[in-house]
There are 2 protein chains.
Amino acid sequence: MSVAGLTKNQALVFDKLTAAGGPMSAYQILDNLREEGFRAPLQVYRALDKLIADGLVHKLESLNAFVACAHPEEKCGSHGLTAFAICNECGNVFEFHHHGLEHDLEHFLGAKGFKPEKTVVEIRGKCANCA
Amino acid sequence: MSVAGLTKNQALVFDKLTAAGGPMSAYQILDNLREEGFRAPLQVYRALDKLIADGLVHKLESLNAFVACAHPEEKCGSHGLTAFAICNECGNVFEFHHHGLEHDLEHFLGAKGFKPEKTVVEIRGKCANCA
DNA sequence: TCAGATATGTTATACTGTTACAAACTTGTG
DNA sequence: CACAAGTTTGTAACAGTATAACATATCTGA
């Protein structure tokens, strides 16, 4: 389950998030790891910072929540722009990579002299099951 | 400056945000409107809810901040997808509408049975002036 | 006028995230 | 081994973001 190169707390957070199979808030993670010895939010946020930097976890800005990457074995950053379709009914999150999108944005913003560093794309709506 | 159909508090918040010419947090707005009689966050959040519903103000999810629409005279919703390029250096926000982007996303997600309701697109990076 | 709807005010509280500092553990080098 | 430097973890306090619940006022139309 775990991934090489993670410290104890990072692995605990990553495993919890992977097992959940969906988004969790930092405080939900904290409460779920109290049995494992977690006491303070910082323990969660520190682990998340590293996991996000490594591309193993993504932050969903429109939910203030975190979700395990859909393909942790490959480095997520290498796929370019990561986007999420989030169902407002069931809360399911579908992660995808859309190269056309990325290319369009780069082209459009490049023409204006803007240098993208991180791009947030989150589509809220109804998934096929809930429609 | 003001827009028809707004209540007193809504107009105060909208004018403050327009005058700022950039993003403000809800609590920055609150502090800036204490002289006008604002006392509690809810006064700001309630006004923002209405302004956002009307398309006069946008929420920047990656900043937890709010910004006046770049073209309040036209109904913003009618332009489809609203996107933002946000400079991490100077904080400037550039609002734009990209129809190709919107079309691509709709096509891609439609094929999966996902029905978009609201789309968040925020590109963080360096603007031309700060690059 | 007055009843219903809308807007506002107020207090308290919940949720999200960070600062500052201390202690423990890891690692490489003499 | 010993021990210094760096990294990880622990803890407490706090800052920033957002909402719930309830009271009061204002507006609007029959």
Side-chain angles (χ1 to χ4, degrees), chain A residues 2-17 20 22-54 56-67 86 88 91 93 118 120 122 124, chain B residues 2-17 20 22-54 56-67 86 88 91 93 118 120 122 124:
Chain A
S2 291
V3 168
L6 297 184
T7 66
K8 180 178 146 232
N9 284 3
Q10 288 159 16
L12 284 168
V13 169
F14 179 70
D15 288 352
K16 187 60 78 179
L17 218 35
M24 296 179 80
S25 77
Y27 279 72
Q28 283 176 330
I29 296 170
L30 173 58
D31 288 339
N32 271 270
L33 287 176
R34 289 202 188 272
E35 295 177 0
E36 266 71 40
F38 274 46
R39 300 299 205 87
L42 203 48
Q43 295 175 289
V44 175
Y45 282 109
R46 282 203 277 229
L48 286 172
D49 282 349
K50 177 62 158 44
L51 292 167
I52 289 169
D54 286 1
L56 295 172
V57 165
H58 303 293
K59 174 164 191 182
L60 300 174
E61 298 287 353
S62 69
L63 288 178
N64 293 321
F66 304 86
V67 67
I86 303 168
N88 288 329
V93 173
K118 187 190 181 209
V120 175
E122 298 176 16
R124 310 287 302 266
Chain B
S2 290
V3 169
L6 297 183
T7 66
K8 181 178 145 233
N9 285 1
Q10 289 158 16
L12 284 168
V13 169
F14 179 70
D15 288 352
K16 189 59 79 176
L17 218 34
M24 295 179 82
S25 77
Y27 279 73
Q28 282 176 329
I29 296 170
L30 173 58
D31 287 339
N32 270 270
L33 287 176
R34 288 201 189 272
E35 296 177 0
E36 267 70 41
F38 275 46
R39 298 300 204 86
L42 206 48
Q43 296 175 286
V44 175
Y45 282 109
R46 283 203 278 232
L48 286 171
D49 282 349
K50 177 60 158 45
L51 293 167
I52 289 170
D54 287 0
L56 294 171
V57 165
H58 303 293
K59 175 166 189 181
L60 301 174
E61 297 287 353
S62 69
L63 287 178
N64 293 320
F66 305 85
V67 68
I86 303 168
N88 289 328
V93 173
K118 189 195 177 204
V120 175
E122 298 176 16
R124 309 287 301 265

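Summary of helix geometry: the two end axes of the helix from C/dT1-D/dA30 to C/dG30-D/dC1, each defined by five base pairs via their C1' atoms, are inclined to each other by 10° (rounded to 10°).
Just one residue in the list A/Asn9, A/Asp54, A/Leu51 forms a side chain to side chain contact (heavy atoms under 4.5 Å, CB included) with A/Phe14, and that residue is A/Leu51.
Pairing each heavy atom of A/Arg39 with each of A/Arg34, the nearest pair is O-NH1, 3.5 Å. The nearest pair of heavy atoms linking B/Leu48 to B/Ala26 is CD1-CB, 4.3 Å. Shown here for B/Val67 and B/Pro23, the closest heavy-atom pair between the two residues is CG2-N, 4.0 Å. Nearest heavy atoms, B/Gly5 versus B/Lys50: O-NZ, 4.1 Å. Smallest separation of non-hydrogen atoms from B/Leu30 and B/Pro41: CD2-N, 3.9 Å.
Between the side chain of A/Glu122 and the main chain of A/Glu61, a donor-acceptor pair closer than 3.5 Å is present.
A/Leu12 places its CG atom 12 Å from the C1' atom of D/dT9, with the value rounded to the nearest Å. If you measure from atom CG of A/Leu6 to atom P of C/dT26, you get 16 Å, rounded to the nearest angstrom. One can place CD1 of A/Ile29 at 10 Å from P of C/dG17, the figure rounded to the nearest angstrom. The separation between B/Lys8 atom NZ and C/dT8 atom P is 8 Å, rounded to whole Å. Atom-to-atom, CZ of A/Arg34 to C1' of D/dT11 comes out at 13 Å; the value is rounded to the nearest Å. Atom-to-atom, CG of A/Leu30 to P of C/dT18 comes out at 15 Å; the value is rounded to the nearest Å. Atoms CG (A/Leu33) and C1' (D/dT9) sit 14 Å apart, rounded to a whole Å. Going from atom CZ of A/Phe38 over to atom P of D/dT11 covers 12 Å, rounded to whole Å.
For D/dT7, neither phosphate oxygen OP1 nor OP2 lies less than 4.0 angstrom from any side-chain nitrogen or oxygen of A/Thr7. Proximity of B/Gln43 to the phosphate of C/dT8: no side-chain N or O atom is located under 4.0 Å from OP1 or OP2.
Side chains of B/Phe38 and B/Val13 form a contact here, defined as non-hydrogen atoms less than 4.5 Å apart. Residues A/Met24 and A/Asn32 have side chains in contact (heavy-atom distance under 4.5 Å, counting atoms from C-beta outward).
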Can you give one letter per nucleotide of nucleotides 16-27 of chain D, going 5' to 3': B for a protein heavy atom under 4.0 Å from the base, S for sugar-phosphate only, - for none?
-BBBBB------
